[in-house]
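Every number for a ligand or one of its atoms is a count from 1 in the order of the listing. All heavy atoms count here, side chains included; hydrogens, waters and symmetry mates do not.
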Amino acid sequence: GAPRKNLKFKKAVDATLKSTPENKILTYNNFYEFGTDKTDPAENAQDLKVEPWTLTVEGEVAKPGKLDVWELINGTQLEERIYRMRCVEAWSMVIPWVGIELGKILKQFEPTSKAKYVAFQTLHDPEQMPGQKNRFVGGGIDYPYVEGLRMDEAMHPLSLLAVGLYGKTLAPQNGAPIRLVVPWKYGFKGIKSIVRIKLMERMPSTSWNQLAPDEYGFYANVNPQVDHPRWSQASERFIGEGGLLGFSRQATLPFNGYGEQVAGLYSSMNLKRWF
Ligand code: MTE
């Protein structure tokens, strides 16, 4: 693959979380467009053409348009955000992302009063993505991969469009050149290699919810009290330093530890119903 480029960014001030080693973040992935095994994305995504890359923003906005993502990466004040990442499969990491607040980008397109949700779409290119060509390779997802947030979630200052990690541009397996990071939600909300953002009045459809609605909800807030139908969500396998056995079992925190910042978004909701 193309070498990852160094980024200029504002360093995180609060660096109390110890990050998962970079080589693990780069080799233990979910990106079903490149296969369903954890090592498939690192093996199969290296030829993904990430430059140039255009991100279209449309729908309920006064000023729909297109972003040149490399102009954005080179011409914007980027910042580091060291976040916990909790996959719905009950493993977790800490990842030092570099990116831009999603809300700051959306505001430039002037959302209308009808904008209640934000829909995201990954690149659809079966020639480059073997999982989109073959249902068995791609885990049965109906591509392109799509995700969504409620407008207030998207505008929350923790919601990030990541363009790098460990100080360098993203590797293809992590969703180059631009992917979503919503640290209080399960990792599958963090849609990779985004080409389209659409602001909408209605709740958009999302890939994992389409595939198994009883198992994956639209909200997907990390919640140790709501188990997956097939496994417990009370604890997680944290992937840290060390070899193959370099993980430790730890309790899962409500909203993945970000409850103080985000619980207010859901104060009137029954989170068992809206999982
Ligand atoms: N985005 C796309 N387009 N396709 C995917 O299969 N997998 C999701 C999410 N984004 C996925 C995706 C899941 S299940 C997780 S846990 C995270 O990406 C993993 O991100 P990472 O590999 O960078 O750690």
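Of the N or O atoms in Trp208, none lie within a sub-3.5 Å distance of an N or O in ligand 1. Residue-to-ligand polar distances keep Trp97 apart from ligand 1: every N/O pair is separated by 3.5 Å or more. Among the atoms of Thr122, some N or O lies under 3.5 angstrom from an N or O of ligand 1. In terms of N/O distances under 3.5 Å, ligand 1 is not approached by Tyr28.
The Asn174 neighbourhood of ligand 1 comprises atoms 21 (P), 23 (O), with distances under 4.0 Å to a heavy atom of that residue. Atoms of ligand 1 found under 4.0 Å from any heavy atom of Asn29 (numbered from 1 in listed order, with element): 21 (P), 22 (O), 23 (O).
For the pair Arg84 and Tyr258, the distance from NZ or CZ to the six-membered ring centre is under 6.0 Å and the angle to the ring normal is within 45 degrees. For the pair Arg237 and Phe247, the cation sits on the ring face: its NZ or CZ lies under 6.0 Å from the ring centre, inside 45° of the axis. A cation-pi contact links Lys189 to Phe218, judged by a cut-off of 6.0 Å to the six-membered ring centre and 45° from its axis.
Counting heavy atoms closer than 4.0 Å to ligand 1, residue Glu33 contributes side-chain atoms (C-beta onward) but none from N, CA, C or O. Residue contacts with ligand 1, taken as heavy atom pairs separated by less than 4.0 Å, involve Tyr145 solely via side-chain atoms from C-beta onward.
In terms of hydrophobic clustering, with Ile, Leu, Val, Met, Phe, Trp and Tyr side chains grouped at heavy-atom distances under 4.5 Å, Leu26 and Val98 are assigned to different clusters.
Under 4.0 Å is where a charged nitrogen must lie from a carboxylate oxygen, and between Glu79 and Lys11 no such pair does.
Remark: minimum distance from atom 19 (C) of ligand 1 to any protein heavy atom is reached at Met85 CE, 3.5 Å. Nearest protein heavy-atom neighbour of atom 6 (O) of ligand 1: Tyr32 N, 2.8 Å. If you check which protein heavy atom lies closest to atom 10 (N) of ligand 1, you get Gly190 O, 2.9 Å. From the protein, the heavy atom lying nearest to atom 18 (O) of ligand 1 is Lys192 CE, 3.4 Å. Nearest to atom 7 (N) of ligand 1 among the protein's heavy atoms is Asn30 O, 3.3 Å.
Between Ala162 and Trp97 the shortest heavy-atom distance is CB-CE3, 3.7 Å. Listed here is the closest heavy atom pair of Glu101 and Arg81: OE2-NH2, 2.8 Å. The two atoms that bring Val181 and Tyr83 nearest to each other are CG1-CD1, 3.7 Å, heavy atoms only.
No more than 12 heavy atoms of other residues, nucleotides or ligands shown are found within 6.0 angstrom of CG on Asp47.
In this structure, Gly175 does not count as a contact residue of ligand 1, since none of its heavy atoms falls inside 4.0 Å of the ligand. Under a 4.0 Å heavy-atom criterion, Arg179 is in contact with ligand 1.
In summary, the side chains of His124 and Tyr145 do not present any donor paired with an acceptor at a separation below 3.5 Å, with no hydrogens or angles considered.
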Under the side-chain hydrogen bond (donor to acceptor under 3.5 Å, both in side chains) rule, what do Thr112 and Glu60 come out as? Steps first, then yes or no, please. CA-CA 5 Å; Thr112 72; Glu60 290 298 341; 3.0 Å; yes
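For atom 13 (C) of ligand 1, the nearest non-hydrogen atom from the set Tyr186, Phe188, Tyr216 comes from Phe188. Ranked by closest heavy atom to atom 17 (C) of ligand 1, the top entry among Gly131, Cys87, Gly187, Gly138 is Gly187.
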